[in-house]
Protein chains: 2
Amino acid sequence: MSRTPPHPTRDQIELPLLLDCLSDPTRLAIVYNLSRHDPAATELRCGDFNAFSGKSNLAYHFAKLREAGVIQTRIAGTTRYMKLRRKDLDARFPGLLDAILKSATRDAERLQFPECEVVSAA
Amino acid sequence: MSRTPPHPTRDQIELPLLLDCLSDPTRLAIVYNLSRHDPAATELRCGDFNAFSGKSNLAYHFAKLREAGVIQTRIAGTTRYMKLRRKDLDARFPGLLDAILKSATRDAERLQFPECEVVSAA
DNA sequence: CAATTAGTTCAATAAATATTGAACATTGGA
DNA sequence: TCCAATGTTCAATATTTATTGAACTAATTG
């Protein structure tokens, strides 16, 4: 079947939820890594983040990100591909995601983001 | 004596803490109201926010905002005057506060921010 | 000095969030 | 069909955060 899990519409994205989502270090690290691979329109797999935490904990954080409207999850076979909802976020809150990502990039060293090990192919 | 409470230096302001601070509806409402009075360089008093919550709960939120580097608290006599640390925040994370405030303004109605009752004089 | 005003601090509780491991589901391949 | 791989879901626990009221501190005023 390969149903996609439920995502909020663009309009349903809420500011406090979005900020809360990105205030968590693990989730910010995920989004930061997604953003650095996203320009090439590349999606990442859940498994690419296994260095960040345990699988079930990651599933928890991915669900939060999805429910807050930060990422789009696509199921293909046995793997989930995720990407940032850049367009939706920027339409809903212009400049916000960019400002956060720029801030995160600026502080990347201080924040000690783990790097994901990309195994996925396009 | 009138000691000022401890504030982080500009450099000590941390992104996750900042986002977490602003993800709370009560604190976002406080910051939103501060921002709308701040252009005139006006400070607001704790008491101006009494409609938002109980005094001790407000003290808790003000402390969080202060410790995260969002606001500057100045004690004068028996009242505390607060203002946004716009310059510091914008130096530390360029464009971030503006983007958040713009987003909050855009969603002001949806977020149902209470309005503070300004009693203070300049 | 007693009373008032402004706000903090503390202790207790409530509520929300994060973390872990085990069991489960789904898909693809041998 | 059976096995391995990828993630999810659930239940239990741990941790953090928010809320409340009472007691307290400091400054001002009569």
Side-chain angles (χ1 to χ4, degrees), chain A residues 1-7 14 16-30 43-68 70-82 114 116-121, chain B residues 1-7 14 16-31 43-68 70-83 114 116-121:
Chain A
M1 278 267 273
S2 263
R3 280 263 316 288
T4 58
H7 292 76
E14 297 281 355
L17 205 55
L18 175 61
L19 295 178
D20 182 61
C21 229
L22 299 179
S23 74
D24 179 275
T26 302
R27 289 191 294 260
L28 185 59
I30 291 170
E43 297 166 312
L44 290 178
R45 308 181 317 168
C46 295
D48 295 331
F49 295 92
N50 281 336
F52 290 43
S53 184
K55 282 168 90 169
S56 67
N57 186 237
L58 282 178
Y60 167 75
H61 286 302
F62 290 138
K64 282 248 159 188
L65 286 168
R66 181 173 41 72
E67 286 159 14
V70 180
I71 64 175
Q72 170 80 33
T73 303
R74 176 175 68 89
I75 302 181
T78 175
T79 77
R80 266 82 171 164
Y81 292 95
M82 298 172 308
C116 58
E117 307 160 25
V118 185
V119 183
S120 54
Chain B
M1 277 267 271
S2 262
R3 280 262 316 288
T4 59
H7 291 75
E14 298 280 358
L17 205 55
L18 175 60
L19 295 179
D20 182 60
C21 230
L22 298 179
S23 73
D24 178 275
T26 303
R27 290 192 292 261
L28 185 59
I30 291 169
V31 168
E43 298 166 312
L44 290 178
R45 309 181 314 168
C46 295
D48 295 332
F49 295 92
N50 281 337
F52 289 44
S53 183
K55 282 168 89 168
S56 67
N57 184 238
L58 283 177
Y60 166 75
H61 287 302
F62 289 138
K64 283 249 159 187
L65 287 167
R66 181 173 41 73
E67 285 158 14
V70 180
I71 64 175
Q72 171 81 34
T73 303
R74 176 176 69 88
I75 302 181
T78 173
T79 78
R80 267 83 171 162
Y81 292 95
M82 299 173 305
K83 65 175 180 187
C116 59
E117 306 161 25
V118 185
V119 184
S120 54

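Every chain is numbered from 1 and lettered A, B, ... according to where its sequence line falls, protein lines coming before strand lines.
Closest to the B/D24 side chain, of the nucleotides D/dA27, C/dT26, D/dA18, is D/dA18. Proximity note for A/K64 (side chain, C-beta onward) versus C/dG7, D/dA5, C/dA18: the nearest is C/dA18. You'll find that the side chain of B/C46 is closest to C/dT8, out of D/dA26, C/dT8, D/dT8. Across C/dT20, D/dT8, C/dA6, the shortest atom-to-atom separation from the side chain of A/A59 is found for D/dT8.
Within the 4.0 angstrom heavy-atom criterion, base atoms lie near A/S56.
Each end of the helix from C/dC1-D/dG30 to C/dA30-D/dT1 gets its own axis from five base pairs, and the two axes differ in direction by 10°, given to 10 degrees.
When the side-chain nitrogen and oxygen atoms of B/H61 are compared with OP1 and OP2 of D/dT19, one or more of them lie within a distance under 4.0 Å. Side-chain nitrogen and oxygen atoms of A/R80 include none within less than 4.0 Å of the OP1 or OP2 phosphate oxygen of C/dT26. Contact annotation: B/R27 side-chain N/O to D/dA18 OP1/OP2 distance is under 4.0 Å. Taking side-chain N and O atoms only, B/K55 has no distance below 4.0 Å to OP1 or OP2 of C/dT5.
At whole-Å resolution of the value, CG in A/L65 and P in D/dT8 are 12 Å apart. Protein atom CG of B/L22 is 12 Å distant from nucleotide atom P of D/dA18, rounded to whole Å. The nearest whole Å value for the distance from the CG atom in B/L58 to the P atom in C/dT9 is 14 Å. Counting to the nearest Å, the P atom of C/dA6 and the CZ atom of B/F49 are 15 Å from each other. Between A/F52 atom CZ and D/dG7 atom P the separation is 14 Å, expressed in whole Å. Distance, A/Y60 OH to D/dT8 C1': 15 Å, rounded to whole Å. Remark: P of C/dA18 and CG of A/N57 are 9 Å apart, rounded to the nearest angstrom. Spacing between atom CZ of B/R66 and atom C1' of C/dG7 amounts to 12 Å, rounded to whole angstrom units.
Within the 3.5 Å criterion, the main-chain N or O of B/P6 finds a donor-acceptor partner in the side chain of B/R66. Listed for the A/H61 side chain is no donor-acceptor partner under 3.5 Å among the backbone atoms of A/T26. Side-chain N or O atoms of A/N50 include one that pairs as donor or acceptor with a backbone N or O of A/G47 at under 3.5 Å.
Nearest approach of A/P114 to A/F52, heavy atoms of both residues: O-CZ, 3.3 Å. The minimum heavy-atom distance linking A/C21 with A/R27 is given by the pair O-NE, 2.9 Å. Minimum interatomic distance between B/R74 and B/E43 (heavy atoms only, all atoms of both residues): NH2-OE1, 2.6 Å. Across A/I30 and A/L65, no two heavy atoms sit closer than the pair CG2-CD1, 3.9 Å.
With sequence neighbours excluded, no residue satisfies ring pair (Phe, Tyr, Trp, His ring centres under 6.0 Å) with B/Y60.
Taking for each of A/D20 and B/N50 the nucleotide of DNA chain C with the nearest heavy atom, the 5'-most of the two is the partner of B/N50. Mapping B/T26 and A/T73 onto DNA chain D by nearest heavy atom places A/T73 closer to the 5' end of the strand.
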